[in-house]
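Since this is a predicted model, take the numbers as computed values, not measurements.
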Amino acid sequence: MLFTPATESLAQDDLEMKEPSNWSHFIDVRLESGYRDNPTYTSSNPSGTTFGTIKLDHTLIRLPVDAWQVTVLTTVDATRLFDSDLAKHELFTFGLFQLQKESAPGRSWEAGLQHIYQDQTIDASTTILNQGSVNIHGHTLQGYGRWKQQWVTGWWIALKPMLEWQTVEQPLDDSYEPGISFSLGQDASKRTSYSLTYDYQERVFDRMTPTDEFGIAVLGDELRFRQHHVEASARWELDEAKVWRLTARAGWRRITDNGQDYFDHDRGRMALELRFRRKHWEIKLSSRASYYDYDIQKIAGAGSNEREKLLLLTGLQAKRNFNNGCYLILRGEHEQSLSNLTTDRYVANTASIGIGWEN
């Protein structure tokens with residue numbers, strides 16, 4: 001058989017074709033505009049504002065062809081508030097670098113470093129400040145390791161030590177937070193999974209000191225919080241085609257301080273998310289309730305009731321995907337704080353529409 005030079009060249013090119021890359025990346029860019037009726041979570045006379053947001057998510061993954069997997073995540077969320085006198089902009093960034101290795105069948109090791117930058121308004125009424133909303137401006141850095149063992153029965157256990165540092169501008173305070181987490185779970189089937197997690201963390205502040213039972217600072221060591229947290233979660237794919245998914249979480253957290261128990265409280269939390277995904281549509285309905293119960297902290301001095309708070313959050317998101325990677329997204333959120341302390345109460349609503357592209 002005779003080959004022309006062009007045919008021989010094509011055959012040689014096929015032989016020298018490079019192996020597919022072990023790296024994959026994903027990009028999601030979104031422009032969003034909407035309205036917030038209470039951007040600063042004030043308890044009285046809220047002032048609404050329109051806003052515009054640009055969001056960027058980038059994921060870079062090295063596939064575990066040799067048992068090693070590398071994941072790099074980057075998120076930027078920048079918002080401009082057009083009509084607000086108290087807050088003009090918000091910025092949130094998240095970065096993660098993670099290494100994972102499977103050392104034996106079902107056994108994996110993981111190490112990661114994540115960084116968060118925040119310049120945004122938050123509800124701080126359940127923290128040590130007890131003064132409603134504040135602007136958080138600072139950095140959070142967390143390093144962690146994780147060991148996980150999974151068996152053919154679907155059961156697994158995981159152990160995760162971690163150390164977190166936070167540097168923030170006043171009125172918040174810098175802190176560091178060592179902790180450890182133990183998890184037990186089961187992937188019962190392709191449609192059902194369960195897990196139970198226990199965390200212990202100790203948060204040590206830089207400048208703040210313990211207080212007496214009335215919240216007045218006393219001389220002594222740095223203020224410390226001991227935090228015990230237990231959470232159960234479950235996920236169900238409600239049909240064979242995985243069109244409907246229900247996720248549920250319930251948890252309890254106990255915080256105690258190293259002073260005279262002024263900050264001691266319990267927090268119970270429940271959360272549900274129902275997701276519908278079919279063809280080009282994805283719709284999510286989510287709801288969360290958090291209840292805070294303080295041991296001795298009063299709402300109006302000695303003889304008054306102990307402080308309580310119920311925080312409710314409900315959200316609805318609808319996403320319509322198009323064939324070229326573009327999508328349209330509609331979001332709505334309602335947040336309400338119910339409390340026996342007047343300054344803790346607020347209602348905040350957000351509605352927005354956005355367009356985006358993802359590959």
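Formation of a donor-acceptor pair under 3.5 Å by the N340 side chain with backbone atoms of E306 is found in this model. The backbone N or O of V218 sits less than 3.5 Å from a side-chain atom of T209, completing a donor-acceptor pair. Looking at N22, its side chain never comes within 3.5 Å of a backbone N or O of R62 through a donor-acceptor pair. Judged by distance alone, the side chain of N258 and the main-chain N or O of E222 form a donor-acceptor pair under 3.5 Å. Remark: the backbone N or O of D344 is paired with a side-chain donor or acceptor of S337 at under 3.5 angstrom. Between the side chain of N359 and the backbone N or O of I27 there is at least one donor-acceptor pair closer than 3.5 Å. In this structure a side-chain-to-backbone donor-acceptor pair under 3.5 Å is present from D257 to F263. Not one N or O on the side chain of D187 forms a donor-acceptor pair closer than 3.5 Å with the backbone of K190. Distance alone, capped at 3.5 Å, is enough to place a donor-acceptor pair between the D83 side chain and the T50 backbone. Not a single donor-acceptor pair under 3.5 Å links the side chain of D28 to the backbone N or O of G356.
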Before giving the answer on side chain to side chain donor-acceptor pair (under 3.5 Å), spell out for H334 and N349 the whole-Å C-alpha distance, their side-chain angles and the decisive distance to 0.1 Å. CA-CA 5 Å; H334 172 77; N349 298 288; 2.6 Å; yes

Could you check T75 against D57 for side chain to side chain donor-acceptor pair (under 3.5 Å), going step by step and ending with a plain yes or no? CA-CA 5 Å; T75 296; D57 293 310; 2.8 Å; yes

Apply side chain to side chain contact (heavy atoms under 4.5 Å, CB included) to the pair Q297 and L341, showing each step before the final yes or no. CA-CA 11 Å; Q297 195 173 138; L341 180 63; 5.9 Å; no

Run the side chain to side chain donor-acceptor pair (under 3.5 Å) test on R235 and T247 for me, step by step, so that the C-alpha distance in whole Å, both residues' side-chain angles and the decisive distance to 0.1 Å come before the verdict. CA-CA 4 Å; R235 188 193 70 194; T247 304; 5.8 Å; no

Could you walk me through whether S233 and S195 satisfy the side chain to side chain donor-acceptor pair (under 3.5 Å) test, starting with their C-alpha distance in whole Å, then the side-chain angles of each, then the deciding distance to 0.1 Å, before giving a yes or no? CA-CA 5 Å; S233 65; S195 69; 2.5 Å; yes

Check the pair R226, E202 against salt bridge (Lys or Arg N to Asp or Glu O under 4.0 Å), reporting the backbone distance first and the verdict last. CA-CA 5 Å; R226 294 175 293 274; E202 185 165 337; 5.5 Å; no

Show your reasoning for whether salt bridge (Lys or Arg N to Asp or Glu O under 4.0 Å) applies to E240 and R191. CA-CA 8 Å; E240 290 286 349; R191 294 172 52 186; 3.1 Å; yes

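Under a hydrophobic clustering in which Ile, Leu, Val, Met, Phe, Trp and Tyr are joined whenever their side-chain heavy atoms come within less than 4.5 Å, directly or via other members, W244 and L316 fall into the same cluster. Cluster membership check: L246 shares its hydrophobic cluster with I283, using side-chain heavy-atom separations under 4.5 Å among Ile, Leu, Val, Met, Phe, Trp and Tyr. Under a hydrophobic clustering in which Ile, Leu, Val, Met, Phe, Trp and Tyr are joined whenever their side-chain heavy atoms come within less than 4.5 Å, directly or via other members, V29 and F51 fall into different clusters. W23 and F26 sit in two unconnected hydrophobic clusters of ILVMFWY residues. Membership requires side-chain heavy atoms under 4.5 Å apart, directly or through other members. Under the 4.5 Å side-chain heavy-atom criterion for Ile, Leu, Val, Met, Phe, Trp and Tyr, F97 and L60 are members of the same hydrophobic cluster.
Counting heavy atoms from C-beta on, the side chains of Q260 and Y262 never come closer than 4.5 Å. Using a 4.5 Å heavy-atom cutoff, the side chains of L285 and F276 are not in contact. Between K160 and E110, the closest side-chain pair of non-hydrogen atoms is not below 4.5 Å. Side-chain contact between R307 and Y292 is absent, with no heavy atoms from C-beta onward closer than 4.5 Å. Considering only heavy atoms from C-beta on, E177 comes within 4.5 Å of Q227 through its side chain. Counting heavy atoms from C-beta outward, W165 and D174 have side chains that stay 4.5 Å or more apart. For the pair E308 and H265, the minimum side-chain heavy-atom distance is 4.5 Å or more. Looking at L159 and I180, their side chains come closer than 4.5 Å, going by heavy atoms from C-beta outward.
The aromatic rings of W236 and Y194 lie perpendicular to each other, with more than 60° between the two planes, well past the 30° mark. Classification of the W147-W109 ring pair by plane angle, with boundaries at 30° and 60°, yields tilted.
Of the N and O atoms on the side chains of D199 and S181, at least one donor lies less than 3.5 Å from an acceptor on the other residue. No donor-acceptor contact under 3.5 angstrom links the side chains of Y144 and E164, judged on distance only. A donor-acceptor contact closer than 3.5 angstrom is absent between the side chains of S339 and R345.
Taking the six-membered ring for Trp and the full ring otherwise, F225 and F205 have centroids separated by under 6.0 Å. A ring-centre distance under 6.0 Å is not found for H89 and F82.
The number of heavy-atom neighbours closer than 6.0 Å to NE2 of H25, taken from other residues, nucleotides and ligands shown, is 12 or below.
Heavy atoms only, all atoms of each residue included: L91 and A78 are closest at CD1-CB, 3.9 Å.
In this structure, R107 does not pair ionically with E102, as no charged nitrogen and carboxylate oxygen lie closer than 4.0 Å.
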